[in-house]
Undergrad: 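Below are the C-alpha cells for one structure; questions will follow.
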Amino acid sequence: MTFETITHETNAQDNDGVTLITLNRPKALNALSSVVLEELIEAFAAFEADDTQKCAVLTGSGEKAFAAGADIKEMSDKPAADFYLDDFFSKWTSHLVKATRKPWIAAVNGFALGGGCELAMMADFIIASDNAKFGQPEINLGVAPGMGGSQRLTRAIGKSKAMEMCLTGRMMGAEEAERANLVVRVVPQADLLADALKTAATIAGKPPMAAIANKEMVNAAFEMTLEQGIIIERRIFQILTASEDKAEGMAAFIEKREGQWKGR
Ligand code: DAK
C-alpha cells in the first residue's frame, strides 16, 4: 500500500507474517497530523484484514523520534468549536486501539511525546531504544493529554510518576521507563528494529487464534474486576480447548515436532 506520511510493508522479513508500519515525517519528528491519523487507521485496518499477517510493529523513521506529538502547527489555529464538533482525537483513542485484535508492538526510537507517547501506549507493548524519551508535555502548550495519556500512563507507571510527568512536562528516559514498567526492554538504537521484528516474528509463529485470545485476556485486566477477569480468562481458555490448533499443539508436543497452525 502507498501512503503519504507512513510506510506499510507486509512480511517485513522472510515471509514472516509481520507487518511493519513506519511513521514517515522525519523532518517534523514524525508529528501526528490528521493525514497521519487517517493513514494509520487505514494501515491497521489492512493489517487486520490480511490473514497472512499475524503481528505488526509500529516505529518512526529517522533517528530522533518515534513521534514528537500531535501536529502543533496544524492544531495552533484550529477553533475550539472544531475540536469539540469533530470530537478531535476520538478516532485515535477508540478507533485505532480497537482496529485490530491481532498483537502489535511499538518500537520507540527517540522522542515519544504527547500524542506520540499516547500512540506508543496503545500498542500491546513497547520496546525502546536507549535514546528513547517519553513525556506528556502538553501542559507547556496550555492543554493536557487528549489521546488517553492521562489514563494509560497512570495505569502503566502509577499515579505519582504519571502525575509528576503531566504536571511538569518532563521527559522520562529509556532506563527510567523500563524501571517504571512503561517498556518491556531497552536496546541499543541500532538494534531496535531488528529486536522488535524478531519479537514480532516469534509472536507471528504462535497459533494465531491463541495469540488473539491471550491479548484479549490481558487487556481484560484493565477493564474489569479481578473476579470478572478470571471468568473471562476461564471462558476463553475453554473455547480454545475446542480449537484445531489446541489438538495440533498438544499432538505436536507429544510427537516431539513443531506444530502446524491453522488459526482455528
Ligand atoms: N508538531 C509539529 N511539528 C513539530 C512537533 C510537533 N509536535 N515537534 C517537532 N516539530 C518540528 C519542529 O517544529 C521542527 O520543524 P522546523 O522548525 O524545522 O520546520 C522540527 O520538527 C524539528 O524540531 P526541533 O527543531 O524543535 O528539534 P529539537 O531537537 O530542537 O527539539 C523536541 C526536539 C521534541 C524537544 C521539540 O521539537 C519539541 O518540544 N516538540 C514538541 C513536543 C510536544 O510538545 N509534544 C506534544 C504535542 S501536543 C487536545 C488537543 C491537543 C492536545 C491534546 C488534547 N484536545 C482538544 C483534547 C495535544 C496533543 C499533543 O500531542
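Atoms within each ligand, like the ligands themselves, are counted from 1 in listed order. All heavy atoms count here, side chains included; hydrogens, waters and symmetry mates do not.
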Undergrad: Measuring only between side-chain heavy atoms, which start at C-beta, is Asp195 closer than 4.5 Å to Arg185?
TA: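 Side chain of Asp195 against side chain of Arg185, heavy atoms only: contact under 4.5 Å found.
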Undergrad: Measure from atom 13 (O) of ligand 1 to the protein's non-hydrogen atoms and state whether any distance is below 4.0 Å.
TA: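 True for atom 13 (O) of ligand 1.
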Undergrad: Using a strict threshold of under 4.0 Å (side-chain N to carboxylate O), is an ion pair present between Arg101 and Glu48?
TA: no
Undergrad: Among all protein heavy atoms, pick out the one at the shortest distance from atom 51 (C) of ligand 1; state its residue, atom name and that distance to 0.1 Å.
TA: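 The closest one turns out to be Met75 SD, 3.3 Å.
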Undergrad: Against heavy atoms of Lys64, which atoms of ligand 1 measure under 4.0 Å?
TA: 27 (O), 28 (P), 29 (O)
Undergrad: For Asn11 and Gln53, run side chain to side chain donor-acceptor pair (under 3.5 Å): C-alpha distance rounded to whole Å, both residues' side-chain angles, the deciding distance at 0.1 Å, then the answer.
TA: CA-CA 7 Å; Asn11 291 325; Gln53 300 303 290; 2.9 Å; yes
Undergrad: Protein heavy-atom contact under 4.0 Å for atom 36 (C) of ligand 1?
TA: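 Under 4.0 Å from atom 36 (C) of ligand 1, zero protein heavy atoms found.
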Undergrad: Do me a favour and list the nearest non-hydrogen protein atom to atom 1 (N) of ligand 1 with residue, atom name and distance?
TA: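 Of the protein heavy atoms, Ile72 N, 2.9 Å lies nearest.
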Undergrad: Below 3.5 angstrom, do we get any N/O pair linking Met147 and ligand 1?
TA: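 No; every N/O pair is 3.5 Å or more apart.
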Undergrad: For ligand 1, which is the ligand I care about here, please tell me if Pro137 has any N or O atom under 3.5 Å from one of the ligand's N or O atoms.
TA: no
Undergrad: For atom 20 (C) of ligand 1, what is the closest protein heavy atom, and at what distance to 0.1 Å?
TA: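 The closest one turns out to be Lys27 O, 3.2 Å.
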Undergrad: Counting distance only, does the side-chain N/O of Lys64 pair as donor-acceptor with the main-chain N or O of Ser61 below 3.5 Å?
TA: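 No, because the side chain of Lys64 does not come within donor-acceptor range (under 3.5 Å) of the backbone of Ser61.
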Undergrad: Check each atom of ligand 1 against the heavy atoms of Ala31 and keep those under 4.0 Å away; list them by number with element.
TA: 1 (N), 2 (C), 6 (C)
Undergrad: Under a 4.0 angstrom heavy-atom cut-off, which atoms of ligand 1 come close to Phe89?
TA: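 Under 4.0 Å from Phe89, ligand 1 has these atoms: 49 (C), 50 (C), 51 (C), 52 (C), 53 (C), 54 (C).
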Undergrad: Around atom CD of Glu9, are there more than 12 heavy atoms of other residues, nucleotides or ligands at under 6.0 Å?
TA: yes
Undergrad: Return yes when at least one protein heavy atom is under 4.0 Å from atom 24 (P) of ligand 1, and no when none is.
TA: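 No, no protein heavy atom sits under 4.0 Å from atom 24 (P) of ligand 1.
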Undergrad: For ligand 1, which atoms, with element, lie under 4.0 Å from some heavy atom of Leu141?
TA: 44 (O), 47 (C), 48 (S)
Undergrad: Of all the atoms in ligand 1, which lie at a distance below 4.0 Å from a heavy atom belonging to Gly115?
TA: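 In order of number, 60 (C), 61 (O).
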Undergrad: Please list the nearest protein heavy atom to atom 9 (C) of ligand 1 with its residue and the distance rounded to 0.1 Å.
TA: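 Result: Leu29 CD1, 3.9 Å.
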Undergrad: Less than 4.0 Å between atom 39 (O) of ligand 1 and some protein heavy atom, yes or no?
TA: no
Undergrad: Would you check, one step at a time, whether the test side chain to side chain contact (heavy atoms under 4.5 Å, CB included) holds for Glu175 with Val186?
TA: CA-CA 7 Å; Glu175 300 298 338; Val186 179; 4.0 Å; yes
Undergrad: Hey, does the side chain of Asn181 reach the backbone of Gly158 with a donor-acceptor pair shorter than 3.5 angstrom?
TA: no
Undergrad: Side chain, backbone, both or neither: which applies to Ala65 and ligand 1 if a contact is any heavy-atom pair less than 4.0 Å apart?
TA: neither
Undergrad: Test salt bridge (Lys or Arg N to Asp or Glu O under 4.0 Å) on Glu164 and Arg170; report intermediate values, then the result.
TA: CA-CA 8 Å; Glu164 188 230 11; Arg170 88 167 168 94; 2.8 Å; yes
Undergrad: Which of the atoms in ligand 1, numbered in the order shown and given with their element, are less than 4.0 Å from a heavy-atom of Phe83?
TA: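 Per the distance check, 56 (C).
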Undergrad: Does Ser129 reach the main-chain N or O of Val108 with its side chain, forming a donor-acceptor pair under 3.5 Å?
TA: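 The answer is yes, because a donor-acceptor pair under 3.5 Å joins these two groups.
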Undergrad: How far is atom 4 (C) of ligand 1 from the closest protein heavy atom, and which atom is that?
TA: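 It is Ala28 O, 3.8 Å.
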Undergrad: Minimum heavy-atom separation for Gly263 to Asp245, with atom names?
TA: N-OD2, 2.8 Å
Undergrad: Is it the case that atom CE in Met224 sees more than 12 heavy atoms from other parts of the structure closer than 6.0 Å?
TA: yes
Undergrad: I'd like to know if Ala144 contacts ligand 1, where contact means a heavy-atom distance under 4.0 Å to any ligand atom.
TA: yes
Undergrad: Just which atoms of ligand 1 are under 4.0 Å from any heavy atom in Gly114?
TA: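 Reading through ligand 1 atom by atom, the close ones are 46 (C), 61 (O).
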Undergrad: Considering Ala68, Ala70, Gly116, which one's heavy-atom position lies nearest to atom 43 (C) of ligand 1?
TA: Ala68
Undergrad: Tell me the side-chain hydrogen bond (donor to acceptor under 3.5 Å, both in side chains) pairs involving residues 201-215, sequence neighbours left out?
TA: Asp124-Lys215
Undergrad: Are any non-hydrogen protein atoms located under 4.0 Å from atom 48 (S) of ligand 1?
TA: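 Under the 4.0 Å cut-off, atom 48 (S) of ligand 1 does have protein heavy-atom neighbours.
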Undergrad: Among Lys73, Arg25, Glu118, which residue places a heavy atom closest to atom 15 (O) of ligand 1?
TA: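 Ranked by closest heavy atom to atom 15 (O) of ligand 1, first place is Lys73.
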Undergrad: Quick one: nearest non-hydrogen protein atom to atom 58 (C) of ligand 1, plus distance?
TA: Glu138 CG, 3.6 Å
Undergrad: Indicate yes or no: does Arg25 engage Asp71 in a salt bridge with an N to O separation below 4.0 Å.
TA: yes
Undergrad: Compute the centroid of each ring, for Trp104 and then for Phe47, and state whether the two points are separated by less than 6.0 Å.
TA: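 For Trp104 and Phe47, the ring centres are not under 6.0 Å apart.
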Undergrad: Taking all heavy atoms of Ala213 and all of Ile236, pick out the closest pair and write down the distance.
TA: CB-CG2, 3.4 Å
Undergrad: Which heavy atom of the protein is the closest neighbour of atom 57 (C) of ligand 1, given with residue, atom name and distance?
TA: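 Checked against all protein heavy atoms, atom 57 (C) of ligand 1 sits closest to Gly146 CA, 4.0 Å.
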Undergrad: Is at least one protein non-hydrogen atom found at under 4.0 angstrom from atom 18 (O) of ligand 1?
TA: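 No, because not a single protein heavy atom sits under 4.0 Å from atom 18 (O) of ligand 1.
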